[in-house]
Structures are given as structure tokens and as C-alpha cells.
Protein chains: 2
Amino acid sequence: MNYSSELIKGTLKTIVLKLLADNKKMYGYEITQTVKEQTLDKILITEGALYPTLHSLEADGLVTTEIEFIGKRVRKYYRLSPQGKIKTKEKVSELADFMNTMKFLLNIKTKTV
Amino acid sequence: MNYSSELIKGTLKTIVLKLLADNKKMYGYEITQTVKEQTLDKILITEGALYPTLHSLEADGLVTTEIEFIGKRVRKYYRLSPQGKIKTKEKVSELADFMNTMKFLLNIKTKTV
DNA sequence: CAAATATACATAAGTTTCTTATGTATACAA
DNA sequence: TTGTATACATAAGAAACTTATGTATATTTG
């Protein structure tokens, strides 16, 4: 059973950047499959969400692209730019920090007056 | 320095429900201030986000409301309904699960082929 | 005591970011 | 040959915010 989609909102860019940081280069479909496998089908990235995100990362200069042909079929590989590497560190540490804060907040039992 | 707002998206309802679960009853402004204090200004809930969320929780039957007057000023207290208590447990455990999954995903070094 | 700030509610327009739907095309398996 | 998988893309619509605005009372501060 996968997560209610609003949870994934806001984390997609970070997920994509981190995967690219760990795998040198990846193409869109590969990203969807990797996330699906690694999260045991809990996080399913739709193409309608992923491709615009990748295009936006490219427009922001965070990734570069390379076209590759597998037979007649096209593949578009994405790779982090230097700025992309910096941005990835920022986003990942921000998310880690946020998760710590949330963990703390959700464990609070009583309001401190 | 507070979090980029897209991170908070999708977690607001869960935060509000959990606070109500821990504090019996709370009013809107109190929720914003409590979150601000507990997170050391890292999570700032805007009124434009909070009030529609509270109204939506009420419309869904997850909370009940009571008006209270402090002098001439009105306060609207929110309290979990029985369904609200159930929903809170679901949302909190879903978020905890999601955070574990994200933590795992963001630590992966190499793609497992 | 006037002005600024804090308390306390609310809504509405606009933006972002997703979902859902659709489209195109190749490759492979049944 | 039919369905499924691979692989890209975009567009309409929905959800959930931000930002701006509005109203009103209470308190602090210069």
C-alpha cells in the first residue's frame, strides 16, 4: 500500500537529485523503476510528475542531459552539474533536518506553557 | 532559517491532528504559536494555510468546535472527534513510515541492479 | 495617550506541484 | 497479433499551499 500522495509532494526534486548524485547518470524511466524497487512499491513516481521535474532541473542548470540510442529507441540521460551537486547537498540536509524536526514535533505529548 | 515551504506541504494536517491529540483542545492562533515555539521558528504555519485546513477537518467530521469569548474577542477551540482520533493515529504512523522510507532512500549509495 | 505590535478570526486570488489522461513510438513476450 | 514493458512528452484539472487583504480587540511602548 503506497503513501498518500501529498506526502511525496515537495520531496520529489530531492529524491531525483540524490539518485543522480549516487548514480552518475540516470534516465527518467530508470528513476521511476529504481524508486519503486528501493521503496518496495511504496513510492511510485508518475511520469507526469517526473518529466516536468527533470525539465525544471535542467532549466535551472542543476543537471545536464545526453541523448543515447538503444536500438531505435531514445534515452535521455541526466547528470548533475557542479551547481546540482551543491544543491543536492543542501536539499538532502534540509530534508534530513526537517524529518528530525517532524519526528520531535510528533512526539510532543503536552504543550509547554 | 525556516524550511522551504514545499516540505511542509502534505504534513500540515498531520501536525494539527497530532497537536490536538496531545492537547485536548486548541485554537488556531495557539496552534501556529505552539508549532513556531516547538520548532524554534523552523516551521511557521501561516494563517492562510491553517484556517482552511481546520475548516476542512471540521467538514470531514474529524474535529468539533467550541466558541469561547476572552473579553470581547472570540476564540474558536478545536477538539478531536472519535473519528479524528483514529485518523490521527493513521496519519502519524503513515508519516513515520514515510520518513523511514525516505531516510533509507536518501542513504542509498549505489543502485542495486 | 497614540502608535505599533500582538492576538484572533476569515477569505480570495494566484502559484506550485502534483494527478490523471492522453499521445507517440519501439521492443519483447505470450 | 496482442498485450505488456520501455521511453519519451504534454496538457487539463485538482490540491494545497503563499501572499494579500480585511475586520476587530488587546496590549505594549515610546
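Residue numbers start from 1 in every chain, and the chains themselves are labelled A, B, ... in the order their sequence lines are given, proteins ahead of strands. Just so you know, these numbers come straight off a predicted model, no measurement behind them. Note: hydrogens, waters and symmetry copies are ignored here, and every other heavy atom, side chains too, is used.
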Trainee: Would you mind classifying the nucleic acid contact of B/Arg75 as base, sugar-phosphate or nothing, using non-hydrogen atoms under 4.0 angstrom?
Mentor: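 Sugar-phosphate, backbone atoms only, no base.
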Trainee: Is there a side-chain contact between A/Tyr27 and the phosphate of D/dC8, meaning an N or O under 4.0 Å from OP1 or OP2?
Mentor: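 Checking D/dC8 against A/Tyr27, no side-chain N or O comes under 4.0 Å of OP1 or OP2.
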Trainee: It should be established whether A/Tyr51 places a side-chain nitrogen or oxygen under 4.0 Å from OP1 or OP2 of nucleotide D/dC8.
Mentor: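 Result: yes.
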Trainee: Testing A/Lys25, A/Arg73, A/Lys76 one by one against A/Glu68 for a salt bridge (Lys or Arg N to Asp or Glu O under 4.0 Å), which residue passes?
Mentor: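 Option passing the salt bridge (Lys or Arg N to Asp or Glu O under 4.0 Å) with A/Glu68: A/Lys25.
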Trainee: Choosing from C/dA27, C/dT7, C/dT19, which nucleotide comes nearest the side chain of B/Tyr29?
Mentor: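 Taking heavy atoms from C-beta onward, the closest nucleotide is C/dT7.
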Trainee: What nucleotide, of C/dA10, C/dC18, D/dA5, holds the atom closest to the side chain of B/Lys76?
Mentor: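 Closest nucleotide among those given: C/dA10.
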Trainee: Pick the nucleotide of DNA chain C nearest each of A/Lys72 and A/Leu12; which residue has the one closer to the 5' end?
Mentor: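 Upstream on the strand: A/Leu12.
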Trainee: Using every non-hydrogen atom in the two residues, find where A/Ile45 and A/Thr32 come nearest and quote the distance to one decimal.
Mentor: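 Nearest heavy atoms, A/Ile45 then A/Thr32: O-CG2, 3.7 Å.
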Trainee: Checking all strands, does B/Gly48 fall into the base, sugar-phosphate, or nothing category for heavy-atom contacts under 4.0 angstrom?
Mentor: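 Base, at least one base atom sits under 4.0 Å.
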Trainee: Regarding A/Asp97 and B/Lys42, does a basic nitrogen lie under 4.0 Å from an acidic carboxylate oxygen?
Mentor: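 A salt bridge is present here (some side-chain N lies under 4.0 Å from a carboxylate O).
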Trainee: Please tell me which of A/Thr11 and B/Gln33 maps to the more 5' nucleotide of DNA chain C, matching each residue to the nucleotide holding its nearest heavy atom.
Mentor: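 Its nucleotide being nearer the 5' end, the pick is B/Gln33.
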Trainee: Starting at CD1 of B/Ile15 and ending at C1' of D/dC17, how long is that distance when rounded to a whole Å?
Mentor: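 Value for this atom pair: 13 Å.
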Trainee: The side chain of B/Glu47 lies closest to which of these nucleotides: D/dT18, C/dA27, C/dA10?
Mentor: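 So the side chain of B/Glu47 is nearest to C/dA10.
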Trainee: Distance only, no hydrogens: is a donor on one side chain within 3.5 Å (strictly under) of an acceptor on the other, for A/Arg79 and A/Tyr77?
Mentor: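 On atom types as modelled, these side chains do not qualify, holding no pair under 3.5 Å.
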Trainee: Expressed in angstrom and rounded to an integer, what is the separation of B/Phe69 atom CZ from C/dC9 atom P?
Mentor: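 These atoms are roughly 12 Å apart.
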Trainee: Taking only side-chain nitrogens and oxygens of A/His55, does any of them come within less than 4.0 Å of OP1 or OP2 of D/dC8?
Mentor: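 The answer is no; no side-chain N or O of A/His55 sits under 4.0 Å from OP1 or OP2.
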Trainee: Is the phosphate of C/dC18, meaning OP1 or OP2, less than 4.0 Å from a side-chain N or O of A/Thr53?
Mentor: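 For C/dC18, OP1/OP2 do have a side-chain N/O of A/Thr53 under 4.0 Å.
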Trainee: What is the distance, to the nearest angstrom, from the NZ atom on B/Lys9 to the P atom on D/dT18?
Mentor: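 Value for this atom pair: 7 Å.
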